[in-house]
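For reference, the structure discussed in these notes is given below.
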Amino acid sequence: MTPKPFMVSFALAALTLSTTFCLQPDQQKVLLVSFDGFRWDYLYKVPTPHFHHVLKYGAHVKQVTNVFITKTYPNHYSLVTGLFAENHGIVANDMFDPILNKSFSLDHMNIYDSEFWEEATPIWITNQRAGHTSGAAMWPGTDVKIHDSFPTYYLPYNQSVSFEDRVAKIIEWFTSKDPINFGLLYWEEPDDTGHSVGPDSPLMGPVISDIDHKLGYLIKMLKKAKLWNNVNLIITSDHGMTQCSKERVIELDQYVDKDHYTLIDQSPVAAILPKEGKFDEVYEALAEAHPNLTVYKKEEIPEKWHYKYNDRIQPIVAVADEGWYILQNKSDDFLLGNHGYDNALAEMHPIFLAHGPAFRKNVTKEAMNSTDLYPLLCHLLNITAMPHNGSFRNVQDLLNSATPKAIPYTQSTTPLLSSEKPGECEQEESYPYFIGISLGSIIVIVFSVVFIKHLIHSQVPALQYMQVEIAQPLLQA
Ligand SMILES: *[C@@H]1O[C@H](CO)[C@@H](O)[C@H](O)[C@H]1NC(C)=O
Ligand SMILES: *[C@@H]1O[C@H](CO)[C@@H](O)[C@H](O)[C@H]1NC(C)=O
Ligand SMILES: *[C@@H]1O[C@H](CO)[C@@H](O)[C@H](O)[C@H]1NC(C)=O
Ligand SMILES: *[C@@H]1O[C@H](CO)[C@@H](O)[C@H](O)[C@H]1NC(C)=O
Ligand SMILES: *[C@@H]1O[C@H](CO)[C@@H](O)[C@H](O)[C@H]1NC(C)=O
Ligand SMILES: *[C@@H]1O[C@H](CO)[C@@H](O)[C@H](O)[C@H]1NC(C)=O
Ligand SMILES: *[C@@H]1O[C@H](CO)[C@@H](O)[C@H](O)[C@H]1NC(C)=O
Ligand SMILES: *[C@@H]1O[C@H](CO)[C@@H](O)[C@H](O)[C@H]1NC(C)=O
Ligand SMILES: [Zn+2]
């Protein structure tokens, strides 16, 4: 072995190792968590120390405009596709598709028909097509076969499986021999309690505290598995919740004969399918029926909702004002809390926090669209986004490498670390950073010892000169 190539390769190896560890802590890993119905301001209702810890060391978006209708399935699918409901096809929790002549119902867990989901491709599939692996613990739709695929690892939906068991699976998948780079975790609360007692009830306090404990548990388990410093954790939700009251009920039976239409979805956005030849009668009967009910013919639905161009949106759509409840008959089921209303209403907005190596610390952003999460996820996972309605540019400032770049509207594949300056690296007080520095230093020391030994033994002045040059940048690193 001649001294020169030996030295050069050593120097290169040292440089590569230290920059790799420093600038690229790890393959980006992402864990996306949804606490169903966690309204943006629940954080401040009772002490939530774990949420506040994430806030302090991560990024926070105060107002997230989700998609209309502000229901569970439409919004969870928007989070993982970046599409409006009319574009991804999951337009409600309860749907009827007149072309397929098929129904979909969350209430009856009749949600497993692939055709309802295949107007879009969720991110776990795109991630897998790019050669990565995904793992899903109860996230809505992840146990449905979509375009012939399931997540690499997933749990069949079962509400009775504890949060702790779901977390255990996520940790197992992140630490397995073929580890996932993308995990999805879902929990049913505080939505369930929000519906039954109403968000203004003091009974919400203990539920929010309990979720804070659950977040604490998740953080503890991530730390135990040595994942806390290299997983990008995003905590969000599908929607908020508003207080309802028996004083604010709109009873359809008072205005229109129930034999003249089918009520596909009920409240607060009634999806009305008139019987053959009954369209005008039903529409006329409802149009001016109640001051807190706005009734639209399908083609008149406001563009701002992006809720029109889909066969599963019914010919008549009646939208209740905030806090008003649509019932066919007063004796039907009534809930003290509900959501689904106009997505411009703050009470419909979910929480959004992000923590991890990719995110800035202790920053608050005023607003984003929930469709922007999708291109952000694609960027973190280093996959090419499918066509979507979000904007990476609008959320890029949540990231550490936030130097403005010209990024086309839907392009999401910019290498994550290309704009990192060595200076920024020093502020990153993460575990991989210290490993990088330590390894780098050890290699530099070993290299110097070998170099000095070589100098002592070498009698060739020209070579000595060259080696000093090679060593220079290393000693400054
Ligand atoms: C739609 O499906 C129902 C059964 O679910 C059937 O009775 C009806 O005939 C079907 N309609 C058409 C047009 O195929
Ligand atoms: C759902 O989970 C519970 C708790 O783990 C378990 O006892 C039950 O058997 C599961 N149900 C189904 C259908 O798998
Ligand atoms: C309900 O309608 C009344 C009468 O138009 C209006 O004053 C009130 O603001 C409406 N309620 C809501 C929540 O919009
Ligand atoms: C509402 O339901 C009750 C109980 O099922 C029934 O007695 C009543 O006739 C219904 N009202 C209308 C207008 O259909
Ligand atoms: C977070 O930022 C605020 C100002 O925006 C500052 O007062 C606070 O000290 C910061 N906290 C940490 C932990 O850096
Ligand atoms: C949300 O999207 C709309 C258009 O799609 C855009 O005008 C608006 O600025 C976006 N909001 C934020 C906070 O980025
Ligand atoms: C991103 O993916 C491309 C291939 O699609 C690969 O060449 C590149 O190394 C990846 N970047 C990172 C940071 O993993
Ligand atoms: C949303 O994205 C889809 C897919 O790219 C596109 O077809 C649709 O026109 C977009 N909607 C709007 C309002 O831009
Ligand atoms: Zn709900």
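These figures come from a predicted structure and were not determined experimentally.
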Can you tell me how far the [atom1] atom of [X] sits from the [atom2] atom of [Y], to the nearest 0.5 Å?
X	Y	atom1	atom2	value
Ile90	Asn87	CD1	CG	12.5 Å
Lys220	His50	NZ	NE2	9.5 Å
Ile234	Leu373	CD1	CG	5.5 Å
Arg129	Thr384	CZ	OG1	12.5 Å
Met95	Asp113	CE	CG	9.5 Å
Asp321	Thr294	CG	OG1	5.5 Å

Does [X] use its side chain to pair, donor to acceptor, with the backbone of [Y] at less than 3.5 Å?
X	Y	result
Asn389	Phe84	yes
His132	Gln128	no
Ser237	Gly37	yes
Gln243	Asp200	yes
Lys71	His339	yes
Ser78	Leu83	yes
Tyr255	His290	no
Arg166	Tyr186	yes
Asn93	Tyr73	yes
Glu86	Tyr309	yes

Smallest separation among heavy atoms of [X] and [Y], with atom names:
X	Y	value
Ile264	Leu273	CG1-CB, 4.2 Å
Gly205	Val46	CA-CG1, 3.6 Å
Ser134	Thr152	N-OG1, 3.0 Å
Thr142	Pro151	O-CD, 2.9 Å
Ile208	Lys45	CD1-CD, 3.5 Å
Met241	Met348	C-CE, 3.9 Å

Evaluate the side-chain proximity of [Y] to [X]: yes if any heavy-atom separation is below 4.5 Å, no if none is.
X	Y	answer
Leu398	Arg360	no
Lys29	Phe182	no
Phe163	Ile211	no
Thr81	His388	no
Tyr153	Lys169	no
Phe38	Ile235	no
Val64	Trp40	no
Ile250	Tyr325	no

Practice prompt. Run the numbers on Thr236 and Leu32 for side-chain contact (heavy atoms from CB on, under 4.5 Å), then give the verdict.
Written response: CA-CA 8 Å; Thr236 187; Leu32 178 61; 4.0 Å; yes
With no hydrogens and no angle check, do the side chains of [X] and [Y] hold a donor and an acceptor under 3.5 Å apart?
X	Y	answer
His239	Thr72	yes
Asp238	Asn75	no
Ser391	Asp372	no
Asn329	Ser331	yes
His88	Glu119	no
Ser105	Asp94	yes
Glu189	Thr193	yes
Asn230	Gln28	no
Tyr261	Gln328	yes

How about [X]: does its [atom1] atom have over 12 heavy atoms from other parts shown lying under 6.0 Å from it?
X	atom1	answer
Lys62	NZ	no
Lys275	NZ	yes
Glu247	CD	no
Tyr57	OH	no
His213	NE2	no
Lys297	NZ	yes

Worksheet item: Where do Leu43 and Ile351 land on the side-chain contact (heavy atoms from CB on, under 4.5 Å) test, with the steps shown first?
Response: CA-CA 8 Å; Leu43 274 181; Ile351 187 178; 3.9 Å; yes
Fill in: Identified ring-ring contact (aromatic ring centres under 6.0 Å, His included) counterpart of Tyr296 within the set Tyr283, Phe68, Trp305
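Among the candidates, only Trp305 passes.
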Worksheet item: How about Trp117 and Tyr77: are their ring centres within less than 6.0 Å of each other?
Response: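 Yes - the distance between ring centres of Trp117 and Tyr77 falls below the 6.0 Å cut-off.
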Item to complete: Kindly state whether the ring of Tyr112 and the ring of Tyr157 have centres lying under 6.0 angstrom apart.
Response: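 Centroid separation for Tyr112 and Tyr157: 6.0 Å or greater.
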Practice prompt. Considering only NZ, NE, NH1 and NH2 on the basic side and carboxylate oxygens on the acidic side, decide whether Glu299 and Lys308 come within less than 4.0 Å.
Written response: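 Looking at Glu299 and Lys308, the cut-off is not met.
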Worksheet item: Salt-bridged, Lys102 to Asp97, with N to O below 4.0 Å?
Response: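 No, this pair does not count.
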Discussion item. Pair Leu327, Ser267 - check side-chain contact (heavy atoms from CB on, under 4.5 Å), show working.
Written reply: CA-CA 7 Å; Leu327 293 178; Ser267 189; 5.9 Å; no
Worksheet item: Ile69 pairs by side chain to side chain contact (heavy atoms under 4.5 Å, CB included) with which of Asp265, Val91, Asp342?
Response: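 Only one option passes, and that is Asp265.
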Worksheet item: Hey, which of Leu353, Leu227, Val33 is the one that makes side chain to side chain contact (heavy atoms under 4.5 Å, CB included) with Leu233?
Response: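 Only one of Leu353, Leu227, Val33 forms a side chain to side chain contact (heavy atoms under 4.5 Å, CB included) with Leu233, namely Val33.
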Discussion item. Evaluate Leu293 against Trp324 for side-chain contact (heavy atoms from CB on, under 4.5 Å), listing each step before the verdict.
Written reply: CA-CA 8 Å; Leu293 185 71; Trp324 286 81; over 6 Å; no
